[in-house]
**Student:** 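Okay, handing you the structure first.
Chain A is the first sequence line, chain B the second, and so forth, proteins listed ahead of strands; every chain is numbered from 1. All values reported here derive from a predicted model rather than from experimental measurement.
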There are 2 protein chains.
Amino acid sequence: MNPLAIPEIVIRRIPLYLRTLALLREQGQTVTSSQEIGDRLGISATQIRKDLSYFGEFGKQGTGYDVRYLEEQLCRILQVDRDWSLVLIGAGHLGKAILSYGGFEEGGFSIAAVLDKDRRKIGSRIGDLEVQDIASLPEAIAEHHVRIAVVAVPVSDAQDVVDALVDAGVKAILSYAPSPLALPEDVHVEYIDPVVGLQSMTYYLDPLHR
Amino acid sequence: MNPLAIPEIVIRRIPLYLRTLALLREQGQTVTSSQEIGDRLGISATQIRKDLSYFGEFGKQGTGYDVRYLEEQLCRILQVDRDWSLVLIGAGHLGKAILSYGGFEEGGFSIAAVLDKDRRKIGSRIGDLEVQDIASLPEAIAEHHVRIAVVAVPVSDAQDVVDALVDAGVKAILSYAPSPLALPEDVHVEYIDPVVGLQSMTYYLDPLHR
DNA sequence: TAGATTGTTAATCGATTAACAATC
DNA sequence: TAGATTGTTAATCGATTAACAATC
């Protein structure tokens, strides 16, 4: 419909370019090339240049790309040049692992509140945060201007939680519950499902003969 | 090269079909259609029929698919009609969350051993398992006939761990470390990276005006 | 039978890649 | 300058979809 719309598949590769640029920067490299980024990711150099060309010109012929500059530009494009507040639903083992993982902060996200429905968990502290009652979801979301939620609850609770999130105005959901969720069209969702990854790898493994 | 090779993108959708079939089965449904599966997943019915046709004929005209039969066949195709032993590397918060998550077992995988390099963790128990020294990796892999590993260690350790896994004969790796790994061609890898998912959603969110 | 749904072909659509002029 | 690498066009490749005969 929109002739300027950028293919979603391109958008999904930009975070990978960012990962690679961060790595190169940490290794002290200041300049890189589409070839080098591609080699690291197993993607062709042409594809990387083509992807970037949707957004502008970021390199210099003969030289390549300034690592910091390109990183900065891609952050701006993905809108991660600002900080996004998240709410985390679910304070079980997975929730705790998510809270202790520094990668969200590094990626431009900060977890502003943790909520759970379990009375035994509500009020307990995890790191800097106190687990809140899921009933106070609307307040937590309003207070921190949250538009993104991370769902780390059992499959059986996931749809209810997601319905509540949508009612509270959340526009993007990262779900660790491995079941397809029903959502309005204007709410984005991404699934984290390790079993899906494992199951597509077993297809390629030689069958065991024992 | 191989004219009979099935597109990887098709293989990656089969686990999603399995998820949906399991859900339908749990809801007591015995028969389904490509339309219904597609509606749940946001995929066209035609695509599902086309995907299945790479492997054979599983339905009945006018009726649809027997839920249990199709589930069984797809499990067979992906080789998850058997049990795969995994080793888990990393006994931190994430490792514990992975161990407490029942989804692996349900999906055809069982975690046979947990290993870590941290002296303070080695010897401690998590659930049914005792954390082993990473140095005993080759023995653990041989003992349990392991060909798949789950990596839940910091980025700084990931490449070393993966090198050791490859040396020990592992052929598939599920990595929670968000950095591209260097691997031989015959070793499969899947990445679990929540930040990549979040960062591609922020692209689509309306910019905040404050 | 009539209605429903599959499996498959051919057409369309979109993504990747090869090639190369531009230029640092 | 010569060599390197970008940005972009056109060609190729592959995936999705529309259409429909087959048939339960």
**Student:** Quick one, which residues of residues 50-68 of chain A touch DNA chain D with a heavy atom under 4.0 Å?
**Tutor:**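 Output list: A:Lys50, A:Ser53, A:Glu57, A:Phe58, A:Gly59, A:Lys60, A:Gln61, A:Gly62, A:Thr63, A:Gly64, A:Tyr65.
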**Student:** For B:Lys171, enumerate each residue passing the side-chain hydrogen bond (donor to acceptor under 3.5 Å, both in side chains) test, keeping only those at least two apart in sequence or located in another chain.
**Tutor:**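 Applying side-chain hydrogen bond (donor to acceptor under 3.5 Å, both in side chains) to B:Lys171 gives B:Asp186.
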**Student:** Enumerate the residues from residues 12-27 of chain A whose closest heavy atom to DNA chain D is under 4.0 Å, giving them by residue number; use none for an empty result.
**Tutor:**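 Listed by number, there are none.
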**Student:** Atom CD1 of B:Ile48 and atom P of D:dT16: how far apart are they, to the nearest Å?
**Tutor:**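 Interatomic distance, CD1 of B:Ile48 to P of D:dT16: 12 Å.
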**Student:** In residues 31-44 of chain B, which residues come under 4.0 Å of DNA chain C by heavy atom?
**Tutor:**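 Within this stretch, B:Ser33, B:Ser34 sit under 4.0 Å of the strand.
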**Student:** For a quick test of reading the model: is some side-chain N or O of B:Arg49 closer than 4.0 Å to OP1 or OP2 of C:dT6?
**Tutor:**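 For C:dT6, OP1/OP2 do have a side-chain N/O of B:Arg49 under 4.0 Å.
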**Student:** How close or far is atom P of D:dT6 from atom CG of A:Leu70, stated in whole angstroms?
**Tutor:**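 Spelled out: CG on A:Leu70 to P on D:dT6 is 10 Å.
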**Student:** Going by an N to O cut-off under 4.0 Å, is there a salt bridge joining B:Arg13 and B:Asp51?
**Tutor:**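 Here B:Arg13 pairs with B:Asp51 in a salt bridge, since their nearest N and O are under 4.0 Å apart.
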**Student:** Represent DNA chain D in dot-bracket notation, 5' to 3'. Only Watson-Crick or G-U wobble pairs with both distances under 3.5 Å count; pseudoknot-style crossings use [ ] and interstrand partners use |.
**Tutor:** ..||||||||||||||||||||||
**Student:** Please give, in whole Å, the distance from D:dA19 C1' to B:Gln47 CD?
**Tutor:**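 Between C1' of D:dA19 and CD of B:Gln47: 17 Å.
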**Student:** Taking the inter-plane angle between the rings of A:His188 and B:Tyr204 on a 0 to 90° scale, is it parallel (under 30°), tilted (30 to 60°) or perpendicular (over 60°)?
**Tutor:**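 If you compare the ring of A:His188 with that of B:Tyr204, the planes turn out parallel.
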**Student:** Mind jotting down which residue pairs meet the ring-ring contact (aromatic ring centres under 6.0 Å, His included) criterion with at least one end in residues 148-185 of chain A? Sequence neighbours excluded, please.
**Tutor:**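 Pairs touching residues 148-185 of chain A that pass the test: none.
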**Student:** Of all the heavy-atom pairs spanning A:Gln79 and B:Thr202, show the shortest one and how long it is.
**Tutor:**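 That would be NE2-O, 2.7 Å.
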